[in-house]
Amino acid sequence: MFGTIDEDNLAAVKKLQSKSVLTLNLRPLLNNFQQPSDLPPPKFHKYDGWSLDDRDPRSIREIFMPMWQWMHDRYFRVTSEGWENVPQTGRMLVVGSHNGGLAAPDMFMLMYEWFCRYGVERPAYGLAHPSVWKYFGPVSNLAARAGAVVAHPKMAMAALQKDAPVLVYPGGAEDVFRPYSQRHQIQLAGRKGFIKVALRERAPIVPVVSIGAHDSLIVLADLYPMFERLHEWGLPWLFGIDPVVLPIYLGLPWGVAFGPLPNIPLPTQVHIHICKPIEFDRYGRGAANDRDYVDACYTLVEQQMQAELDRVVAERRS
């Protein structure tokens, strides 16, 4: 797994080191080949999403950018607008709505354009669902090096306190797997934690909307509400995991598929629009703890994102 060694492997190594075979006549010979004292002992690092220090500009530059460049220029033929709305410095919460299943091409293309404009050295982080770290070890290792951290208020606030931009998609799976008929509807899934973080850390919100990525995966319907009711009646979840969404979709490589499976996005043109920053009248702990005010701020963000998306859709159709 990309050169990592887990705890079971380390235990196995220690067990082997304790075997008596190491006490044979090879011991004097092995002593002659001790590691030079000026070299540090090897370290085995586990990317768990709880550190801002795992972000690696070199990995972004050498691993991700070449691949994203081809996808940006050739596969998705990305266009974008509104970059003048991004503050040049300081903390901000970039709030997006994404499409296209787990491949989420509009999210990765936004990241590519961000790095092209501001460089990979400028600290920037993205919040990733905890399931990424729990079930997708190799993927989470790469994600951490690209700046992903666990989607938890603690990590979002830690990044903002370093005056770093933080990218969040509050709608999560409900957003990225929303049915094709809802492709032009903003879906934030009622999650308001990002509002509380922005208020507490006095960070402006920069909304981002996009169109086109919904054509990379055609979601026909989400059957989760039906299966959730069956679960309440006693039907267990497969593997004991609540999937949050159960889409039926058309896409590669499965053809017709069921469930939130990894997918290969179909080639389609993606357009990204960065909206004007949203700043609230009140900030601080008191504002973040005021439920009515949080609800009002959430509604404001949702309505402005929907208005911008409606405008972009209308312009692209004309």
Side-chain angles (χ1 to χ4, degrees), residues 68 71-72 74-82 95-113 128-129 131-132 167-191 207-231 237-238 241-275 301-318:
W68 286 344
M71 296 173 68
H72 178 278
R74 302 292 183 86
Y75 201 77
F76 296 120
R77 309 181 308 281
V78 180
T79 59
S80 64
E81 61 181 344
V95 178
S97 175
H98 52 356
N99 307 264
L102 296 181
D106 43 5
M107 178 184 72
F108 291 109
M109 294 301 94
L110 172 66
M111 294 171 61
Y112 172 76
E113 291 215 358
H129 194 278
S131 62
V132 173
L167 174 63
V168 58
Y169 290 89
E174 295 95 320
D175 180 37
V176 82
F177 280 108
R178 67 188 186 275
Y180 190 81
S181 60
Q182 301 174 16
R183 62 192 181 278
H184 296 150
Q185 297 177 20
I186 295 297
Q187 171 62 276
L188 301 181
R191 299 188 178 101
V208 178
V209 298
S210 66
I211 60 173
H214 51 265
D215 289 326
S216 69
L217 182 78
I218 310 299
V219 179
L220 304 176
D222 181 10
L223 301 183
Y224 181 81
M226 180 180 69
F227 279 86
E228 186 180 32
R229 180 60 59 88
L230 294 175
H231 178 69
W237 294 117
L238 184 65
I241 302 173
D242 184 345
V244 183
V245 292
L246 283 172
I248 297 179
Y249 61 82
L250 303 176
L252 298 175
W254 319 107
V256 179
F258 174 77
L261 299 173
N263 65 287
I264 299 173
L266 295 167
T268 181
Q269 185 170 21
V270 174
H271 178 72
I272 300 170
H273 175 73
I274 294 88
C275 312
V301 172
E302 185 179 48
Q303 290 179 347
Q304 289 201 16
M305 291 181 70
Q306 186 63 62
E308 288 294 307
L309 181 58
D310 291 343
R311 184 181 64 80
V312 170
V313 170
E315 289 179 353
R316 304 294 286 189
R317 285 176 175 172
S318 61

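These values consider heavy atoms only, across backbone and side chains, with no hydrogens, waters or symmetry-generated copies. Positions are given from 1 along the sequence. For clarity, every value in this text was computed on a predicted model and none was experimentally measured.
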Query raised in the report: Short question: side chain of Asp175, backbone of His98 - any donor-acceptor pair under 3.5 Å?
Result: yes
Query raised in the report: Within the side chain of Arg183, is there an N or O that forms a donor-acceptor pair under 3.5 Å with the backbone of Tyr180?
Result: yes
Query - Rounded distance [0.5 Å steps], CD in Glu228 versus CG in Asp242 - result: 7.0 Å
Query raised in the report: Should the heavy atoms of other residues, nucleotides or ligands under 6.0 Å from CH2 of Trp254 be counted, would the total exceed 12?
Result: no
Query raised in the report: Aromatic rings Phe108 and Trp68: how do their planes relate, parallel, tilted or perpendicular, breaks at 30° and 60°?
Result: tilted
Requested in this report: Calculate, to the nearest 0.5 Å, the distance between atoms CG and CD belonging to Asp222 and Gln182 respectively.
Outcome: 8.5 Å
Query raised in the report: Under 3.5 Å, side chain of Gln306 to main-chain N/O of His184, donor-acceptor pair present?
Result: yes
Query raised in the report: Looking at Leu110 and Ile272, what are the two nearest heavy atoms and their distance?
Result: N-CD1, 3.7 Å
Query raised in the report: Atom OH of Tyr249 and atom CG of Leu217: how far apart are they, to the nearest 0.5 Å?
Result: 6.0 Å
Query raised in the report: Quick one: CZ on Phe258 to CG on Leu246, what's the gap to the nearest 0.5 Å?
Result: 4.5 Å
Query raised in the report: Heavy-atom distance under 4.5 Å between the side chains of Ile218 and Leu220, does that happen here?
Result: yes
Requested in this report: Classify the angle between the aromatic ring planes of Trp237 and Tyr224 as parallel (below 30°), tilted (30 to 60°) or perpendicular (above 60°).
Outcome: parallel
Query raised in the report: So which heavy atom on Val209 is nearest to which on Met305, and how close?
Result: CG1-O, 3.7 Å
Report summary line: Of Val313, Val78, Ile211, the one forming a side-chain contact (heavy atoms from CB on, under 4.5 Å) with His271 is Ile211
Query raised in the report: Can you name the nearest heavy-atom pair linking Arg191 to Gly171, along with the distance?
Result: NH1-O, 3.0 Å
Report task. For the pair Arg311 and Glu315, find out whether any cationic side-chain nitrogen is under 4.0 Å from an anionic carboxylate oxygen. Result -> yes
Requested in this report: Please name the pair of heavy atoms, one in Asp106 and one in Ser210, separated by the smallest distance, quoted to 0.1 Å.
Outcome: OD2-OG, 2.7 Å
Query - Reported OG-to-CD distance for the pair Ser97 and Glu302, which is rounded to 0.5 angstrom - result: 10.0 Å
Report task. Determine, stepwise, if the pair Ile274 / Glu81 fulfils side chain to side chain contact (heavy atoms under 4.5 Å, CB included). Result -> CA-CA 6 Å; Ile274 294 88; Glu81 61 181 344; over 6 Å; no
Report task. For Asn263 and Leu102, work out which heavy atoms get closest and say how close. Result -> OD1-N, 3.3 Å
Query - Set of residues satisfying side chain to side chain contact (heavy atoms under 4.5 Å, CB included) with respect to Gln303, sequence neighbours excluded - result: Thr299
Query raised in the report: Under the 3.5 angstrom rule, does the side chain of Tyr75 hit a backbone N or O of Pro265 as a donor-acceptor pair?
Result: yes
Report summary line: side-chain contact (heavy atoms from CB on, under 4.5 Å) with Arg178: of Asn99, Val219, Ile186, only one passes, and it is Asn99
Query raised in the report: Where do Val95 and Val208 land on the side chain to side chain contact (heavy atoms under 4.5 Å, CB included) test, with the steps shown first?
Result: CA-CA 6 Å; Val95 178; Val208 178; over 6 Å; no
**Report entry** Atom pair CG/NE2 of Leu238 and His231 - distance to nearest 0.5 Å
**Finding:** 12.5 Å
Report summary line: Nearest heavy-atom contact between Ser216 and Ala213 is OG-O, 2.6 Å
